[in-house]
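Take a look at the structure below.
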Amino acid sequence: MQLIRLLFASALLLWLVPAHADQASAERLTGLLQKAETLTGRFSQLSLDGTGTQLQETSGEMALQRPGKFRWHTDEPMEQLLVSDGKKVWLYDPDLEQVTIQTLDRRLTHTPALLLSGDVSAISENFEVSHQEAGEVVDFTLKPKAKDTLFDSLRLSFRGGVINDMQMIDGVGQRTNILFQNVRLNEPLKPDLFTFEIPEGTDVISE
């Protein structure tokens with residue numbers, strides 16, 4: 001399952017200083033991610049094909065908590081709910097009355113959601129990391145070291161030390177943009193946010 005596929009482009013990139021690709025970039029990114037034990041907010045997501053043609057546009061709410069827990073609720077008319085308790089992942093489609101259940105893949109290169117909610121101490125082992133800065137905006141570009149990965153390039157952008165947007169480009173050039181809004185860090189979250197009770201009559205697919 002492809003979890004959280006991302007892209008956001010900014011004109012500020014034209015004015016950034018040359019990228020720094022080294023261990024210090026990975027350590028800085030790790031520090032920014034680790035300071036958010038929980039994270040909530042809204043998102044808007046845009047998917048594009050390799051030619052730049054829009055494939056899909058959605059919005060919704062998300063909540064994340066370390067280690068490995070997340071809830072990603074896409075609004076109607078394309079409603080879906082993606083939930084992980086750190087061990088399993090449920091993908092629920094209310095229109096189809098269907099839920100898919102699978103074990104959470106904890107590899108950072110296979111599950112980008114874990115870059116926001118999982119153990120990020122091994123970022124430098126999994127990625128080549130570079131960063132660029134412009135004022136309070138810092139962009140990190142991650143390129144997987146392994147070949148068998150979900151994406152070819154992933155960008156995380158922070159504004160004032162808080163995640164602002166993410167971008168991912170896959171092997172065929174498809175891109176998905178996610179812009180985060182009203183982001184709140186380290187607020188207490190209810191445990192039941194990260195569990196899923198299967199509605200009666202729902203078809204269950206286990207992978």
Side-chain angles (χ1 to χ4, degrees), residues 1-36 39 41 43-58 62 64 66-68 70 72 105-181 183 185:
M1 180 188 301
Q2 295 184 349
L3 302 178
I4 308 183
R5 310 187 57 215
L6 323 161
L7 172 110
F8 177 80
S10 171
L12 283 173
L13 294 179
L14 297 175
W15 302 95
L16 297 178
V17 298
H20 307 281
D22 52 30
Q23 180 67 23
S25 294
E27 291 176 354
R28 185 172 180 184
L29 173 58
T30 298
L32 286 170
L33 292 170
Q34 286 180 333
K35 78 174 186 178
L39 187 152
F43 68 88
S44 57
Q45 177 171 318
L46 178 66
S47 297
L48 309 170
D49 67 15
T51 67
T53 301
Q54 180 174 321
L55 298 176
Q56 187 179 84
E57 186 173 6
T58 59
M62 56 90 181
L64 304 101
R66 298 187 186 280
F70 50 85
W72 198 264
D105 188 335
R106 290 187 170 275
R107 291 173 292 180
L108 297 179
T109 57
H110 282 244
T111 311
L114 290 180
L115 284 169
L116 296 180
S117 65
D119 179 5
V120 293
S121 60
I123 281 182
S124 61
E125 297 177 14
N126 290 278
F127 302 100
E128 294 180 358
V129 184
S130 61
H131 77 275
Q132 297 175 309
E133 296 186 58
E136 64 175 1
V137 176
V138 185
D139 289 300
F140 295 88
T141 299
L142 289 73
K143 294 187 178 297
K145 294 181 179 180
K147 294 182 179 180
D148 180 20
T149 61
L150 177 62
F151 53 87
D152 284 354
S153 177
L154 177 67
R155 179 178 294 151
L156 307 178
S157 181
F158 293 78
R159 181 182 293 273
V162 178
I163 187 70
N164 185 71
D165 57 78
M166 301 178 70
Q167 102 174 345
M168 190 180 79
I169 304 176
D170 67 16
V172 297
Q174 182 169 321
R175 300 172 294 174
T176 303
N177 314 344
I178 293 185
L179 176 64
F180 299 106
Q181 302 158 324
V183 175
L185 303 183

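Keep in mind it's a predicted model, so treat the numbers as computed, not measured. The figures that follow rest on heavy atoms only: side chains count, while hydrogens, waters and symmetry mates do not.
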With rounding to the nearest 0.5 Å, note down the distance linking CZ in F43 to CD in Q181. 10.0 Å
If I compare all heavy atoms of T141 with all of S153, which pair ends up nearest, and what's the gap? CG2-OG, 3.9 Å
So CG of L33 and OG of S121: to nearest 0.5 Å the spacing works out to 11.5 Å
What heavy-atom pair brings S157 and V137 nearest, and what distance separates the two atoms? OG-CG1, 3.9 Å
Measuring from L32:CG to L156:CG, what's the distance to the nearest 0.5 Å? 9.5 Å
With sequence neighbours excluded, what pairs up with R28 under the side-chain contact (heavy atoms from CB on, under 4.5 Å) test? H131, E133, V138, F140
Determine whether Q167 and D165 make a side-chain contact, defined as any pair of heavy atoms from C-beta on separated by less than 4.5 Å. no
Using a 4.5 Å cut-off on heavy atoms from C-beta on, say whether the side chain of L116 contacts that of M62. no
If you take all heavy atoms of R66 and A36, which pair is closest and at what distance? NE-O, 3.1 Å
Distance-minimising heavy-atom pair for I163 and M166: CD1-CG, 4.1 Å
K145 side chain to S124 backbone, donor-acceptor under 3.5 Å: yes
Measure across L179 and N164 and return the closest heavy-atom pair with its distance rounded to 0.1 Å. CD1-O, 3.4 Å
Atom CG of D152 and atom CD1 of I169: how far apart are they, to the nearest 0.5 Å? 8.5 Å
Residues A26 and I123: closest non-hydrogen pair is CB-CG2, 4.3 Å
With rounding to the nearest 0.5 Å, note down the distance linking CG in L48 to OG1 in T53. 8.0 Å
Which residues satisfy the side-chain contact (heavy atoms from CB on, under 4.5 Å) test with V162, sequence neighbours excluded? V183, L185
To the closest 0.5 Å, what do you measure between CZ (R159) and CG (D139)? 9.5 Å
